[in-house]
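Quick caveat: nothing in here was measured; it's all calculated off a predicted structure. So that the names make sense, note that chain A is the first sequence line, chain B the second, and so on, each numbered from 1.
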There are 2 protein chains.
Amino acid sequence: MLTYTEENYLKALFKVTFGSGSNEAGTNELASLLVVKPATVNDMLKKLKEKELVDYEKYGKITLTIKGKKIALEIIRKHRLWETFLYQKLEFSWDEVHEVAEQLEHIQSGKLVDKLDKFLDYPEFDPHGDPIPTKKGEIKVQYKKTLSEISVGKSCKMVAVKDNSSPFLQYVVKVGLGINNEIKVLSIQEYDSMMLIEINGKQSTVSQKFAENIFVVIE
Amino acid sequence: MLTYTEENYLKALFKVTFGSGSNEAGTNELASLLVVKPATVNDMLKKLKEKELVDYEKYGKITLTIKGKKIALEIIRKHRLWETFLYQKLEFSWDEVHEVAEQLEHIQSGKLVDKLDKFLDYPEFDPHGDPIPTKKGEIKVQYKKTLSEISVGKSCKMVAVKDNSSPFLQYVVKVGLGINNEIKVLSIQEYDSMMLIEINGKQSTVSQKFAENIFVVIE
DNA sequence: TAATGAAGTTAGACTAATCTAACAAATAAA
DNA sequence: TTTATTTGTTAGATTAGTCTAACTTCATTA
């Protein structure tokens, strides 16, 4: 059985390595994500290596083992299922679910996860549009771009957000955006890449930073 | 903010003191309930005294302060609401809910508790028949006896169990008993206090120990 | 290729929660 | 009332997770 902290390291490691090509991470990178000092990460890596959850040599890069990746996916599965529960059943708002799910994801009970999955009718995506790993650890990889990659005149559909922080999500709502909304790019300012977009007939101007955190698909 | 462990001490303290007349507890008593050594309890009591959650003098008895009692009731409220959720919504069985609720009760989110309460339509009792404290910390005290106190020929209604352990609860189910069942005491064996009872027309024989762990009311 | 800065490691310390073993106080029994 | 037993306390040690400060290795670039 892993501690709460160990689980968080695996989850963070999965996040930084997943889809990064090499699947490798560095000590500082992990430390900044977990908001601890590199020294602390270093100590923990020794422990995780001992438990065969990470591959790691002194001064080398860090990767998850199969075993470590499996556990990370289970935690992400729990996190996203709980987010879905909070949003769909308890009427939490979009920006409130993450923080509580951070706690709920560590509850240990295989039965609970399965029952929750069933209760929610086996959802494929969480409220932020992120795919929920299956019981077997399969994760749906959606072909998606960021809004900032869409060119003038084109339309797309918002499918997820990259940044899960409360301030960003509240801002997204304020702009009138939500999952599955159609977005049309009307114009892009040359100078600062500010984007004029249209959602449900309503126009808004968003910054490049904003557009980089909205995931879309072209239909 | 309290640690997981501190919360467990307050909850245990509430359990041993509540309704015990004096509302006092001893170090050994607490230690055995929490399955730690008396020395450990002693250390923790100093910390809880520092935080003004318990009243306690060296070699004296332990009592909860108003503040400590309030927190204990909040934890019990969460525990029982989660038990109700697991039982009613996720189809957990009677004997499985306690263990998972032991973890869920420590999730920190005022909003979550309120939303869960609403989602469950403000239940008054958990699956074991124990009253759920209100948001204000009010707890319904039900006038109840144990089955062992009922005399021959009398009838009563089961309202709760005293022992929440899985083996006991499974045994209760096996005997054909459940919350709100009518029980008629047909006879009591003089020698060992074995009880012959009738539930829904079905007869069963139960031990005194068993009967002491079933709470009933006389209508 | 040697200097410099970034990345990573080590040693030593701290806190929380626990233990064991020895001791002290209170209470019950002789 | 003295002794024995139960109950409670203290001191010192351990483990997990964290820190700071000093050090080492790696990588870039002049």
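- Non-hydrogen atoms lying under 4.0 Å from DNA chain C are contributed by A:Pro38, A:Ala39, A:Asn42, all within residues 29-44 of chain A.
- We find that CD of A:Glu7 is positioned 15 Å from C1' of D:dG17, with the value rounded to whole Å.
- Contact annotation for B:Tyr56: backbone-only contact, meaning every heavy-atom pair under 4.0 Å involves sugar-phosphate atoms and none involves a base.
- Here the CG-CZ distance, from A:Asp114 to A:Arg77, works out to 6.0 Å after rounding to the nearest 0.5 Å.
- A salt bridge does not link B:Lys46 to B:Glu50: none of the charged side-chain nitrogens sits closer than 4.0 Å to a carboxylate oxygen.
- For the pair A:Lys111 and B:Phe92, the distance from NZ or CZ to the six-membered ring centre is under 6.0 Å and the angle to the ring normal is within 45 degrees.
- The shortest distance between the side-chain N/O atoms of A:Tyr59 and the OP1/OP2 oxygens of D:dC23 is not below 4.0 Å.
- A donor and an acceptor atom, one from each side chain of B:Tyr171 and B:Asp95, are nowhere located under 3.5 Å apart.
- B:Ile107 places none of its side-chain heavy atoms less than 4.5 Å from the side chain of A:Trp82.
- Protein atom CG of B:Asn28 is 17 Å distant from nucleotide atom P of D:dT5, rounded to whole Å.
- The aromatic rings of B:Phe119 and B:Phe85 sit tilted, their planes meeting at an angle between 30° and 60°.
- When the P atom of D:dA16 is taken as reference, atom OH of B:Tyr4 falls 18 Å away, rounded to whole Å.
- Comparing A:Lys58 and A:Glu6 against DNA chain D, the residue whose closest nucleotide sits nearer the 5' end is A:Glu6.
- Atom NZ of B:Lys89 sits about 10.0 Å away from atom CG of B:Leu116, to the nearest 0.5 Å.
- Using a 4.0 Å cutoff to heavy atoms of chain A, the contacted part of DNA chain C runs 5' to 3' from C:dA7 to C:dT10.
- The shortest distance between the side-chain N/O atoms of B:Thr27 and the OP1/OP2 oxygens of D:dT9 is below 4.0 Å.
- Atoms CG and CE, from B:Leu34 and B:Met44 in turn, are 9.0 Å apart once rounded to the nearest 0.5 Å.
- Taking the six-membered ring where the residue is Trp, the centroids of B:Tyr4 and A:Tyr4 are separated by 6.0 Å or more.
- The nearest whole Å value for the distance from the CG atom in A:Leu45 to the C1' atom in D:dG17 is 14 Å.
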